[in-house]
Trainee: 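Please see the structure below; I have some questions.
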Amino acid sequence: MILTAKDISFRYSKKDREILSGFSLEVSQEEVVGLVAPSGFGKTTLCKILAGYQKPDRGEVLLDGKPLSGIKGPCPVQMIWQHPEQSVNPRLRMREVILEGDNIGQDIIKGLGIEEDWMNRYPAELSGGELQRFCIARALGKSTGFLLADEISTMLDLITQSQIWHFLLEETRRRHIGLIAVSHSSALLDEICTRKIELQR
Ligand SMILES: Nc1ncnc2c1ncn2[C@@H]1O[C@H](COP(=O)(O)OP(=O)(O)OP(=O)(O)O)[C@@H](O)[C@H]1O
């Protein structure tokens with residue numbers, strides 16, 4: 001599959017400036033693409049558009065030439081958000097959060113170091129790092145073809161960051177999942193990316 005952003009323009013409201021203006025990108029499932037730009041330049045906004053959460057004012061997002069918006073069933077483009085506590089339903093136990101993903105296998109749960117005991121807890125009963133592991137697992141469903149990782153490891157200590165990235169890179173490489181990673185750490189992006197793209201204003 002190829003994920004294409006074609007001539008995307010977007011502003012949040014008429015009185016705001018245009019955050020993306022004629023932006024285009026093409027990513028294959030063999031790539032790890034780093035998205036770099038200073039704070040506020042629109043990295044998260046672009047991820048939201050690529051994952052179908054936000055509709056662009058102009059342009060379109062295509063998967064193998066077909067509009068992403070027309071795809072039925074679980075979205076093949078999954079996003080992992082910067083703040084896990086904002087991306088889970090606080091009323092669901094973690095076992096139910098995992099069920100929101102598309103057939104998440106035990107190998108993924110184990111690979112991310114998720115403990116059985118955490119499954120019965122609510123999101124507020126986990127640390128940010130523990131919660132983020134669930135969000136990563138949920139995004140790695142059977143139908144995932146592209147993964148957008150938006151500053152996913154900033155709340156983690158260095159050892160956990162390294163474990164999680166190691167797992168994520170292995171898993172995406174093995175399953176041919178294209179990865180787009182947003183990070184302010186150029187050291188991390190230099191290490192994991194096959195290419196980097198700079199968002200311009
Ligand atoms: N829901 C919203 N409504 C209005 N403006 C918004 C909204 N979300 C973001 N913005 C604005 O859009 C611009 C781009 O925000 P975005 O979060 O995409 O940037 P970013 O590059 O991801 O930043 P950071 O590196 O700080 O996470 C910012 O100026 C922000 O204030």
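For ligands, and for the atoms within them, numbers begin at 1 and follow the listed sequence. These numbers come from a predicted model, not from an experiment. The residues of the chain are indexed from 1 along the displayed sequence.
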Trainee: What residue among Val32, Ile152, Thr172 forms side-chain contact (heavy atoms from CB on, under 4.5 Å) with Leu147?
Mentor: Thr172
Trainee: Give the residue, atom name and distance (to 0.1 Å) of the protein heavy atom nearest atom 17 (O) of ligand 1.
Mentor: Thr44 CB, 3.6 Å
Trainee: Under 4.0 Å between a side-chain nitrogen and a carboxylate oxygen: does that hold for Glu116 and Arg95?
Mentor: yes
Trainee: From atom 18 (O) of ligand 1, work out which of Leu199, Asp16, Ile49, Thr45 has a heavy atom at the shortest distance.
Mentor: Thr45
Trainee: In Å, rounded to the nearest 0.5 Å, how long is the span from CD of Glu130 to SG of Cys135?
Mentor: 12.5 Å
Trainee: Nearest 0.5 Å, please: how far is CG in Leu131 from CE in Met94?
Mentor: 5.0 Å
Trainee: Closest non-hydrogen protein atom to atom 10 (N) of ligand 1, residue and atom name please, with distance?
Mentor: Tyr12 CE1, 3.4 Å
Trainee: Among protein heavy atoms, which lies nearest atom 23 (O) of ligand 1, and at what distance?
Mentor: Gly40 N, 2.9 Å
Trainee: Where is the nearest protein heavy atom to atom 24 (P) of ligand 1: which residue, which atom, and how far?
Mentor: Ser39 OG, 3.6 Å
Trainee: Nearest to atom 12 (O) of ligand 1, what protein heavy atom do you find, and at what distance?
Mentor: Ile19 CD1, 3.1 Å
Trainee: Contact between Gln78 and Ile177 at the side-chain level, heavy atoms closer than 4.5 Å - yes or no?
Mentor: no
Trainee: Protein heavy atoms near atom 30 (C) of ligand 1, is at least one of them under 4.0 angstrom away?
Mentor: no
Trainee: Kindly compute the distance separating OG1 (Thr144) from CZ (Arg175), expressed to the nearest 0.5 Å.
Mentor: 6.0 Å
Trainee: Students should be able to answer this: which protein heavy-atom is nearest to atom 19 (O) of ligand 1, and at what distance?
Mentor: Gly42 N, 3.3 Å
Trainee: Nearest protein heavy-atom contact for atom 25 (O) of ligand 1: which residue, which atom, what distance?
Mentor: Lys43 NZ, 2.7 Å
Trainee: Under 4.0 Å, heavy atoms only, figure out whether ligand 1 is touched by the backbone of Val182, its side chain, both or neither.
Mentor: neither
Trainee: Looking only at heavy atoms, is any part of His184 under 4.0 Å from ligand 1, and if so is it the side chain, the backbone, or both, or is it neither?
Mentor: side chain
Trainee: How does Arg17 reach ligand 1, by side chain, by backbone, by both or by neither, if only non-hydrogen atoms under 4.0 Å count?
Mentor: side chain
Trainee: Side-chain heavy atoms under 4.5 angstrom apart, residues restricted to Ile, Leu, Val, Met, Phe, Trp, Tyr: same cluster for Val88 and Ile80?
Mentor: yes
Trainee: Would a 4.5 Å heavy-atom cut-off, applied to side chains only, mark Leu50 and Met79 as touching?
Mentor: no
Trainee: Side-chain contact, heavy-atom cut-off 4.5 Å: Thr44 with Val182?
Mentor: no
Trainee: Does ligand 1 have an atom that lies less than 4.0 angstrom from a heavy atom of Ala37?
Mentor: no
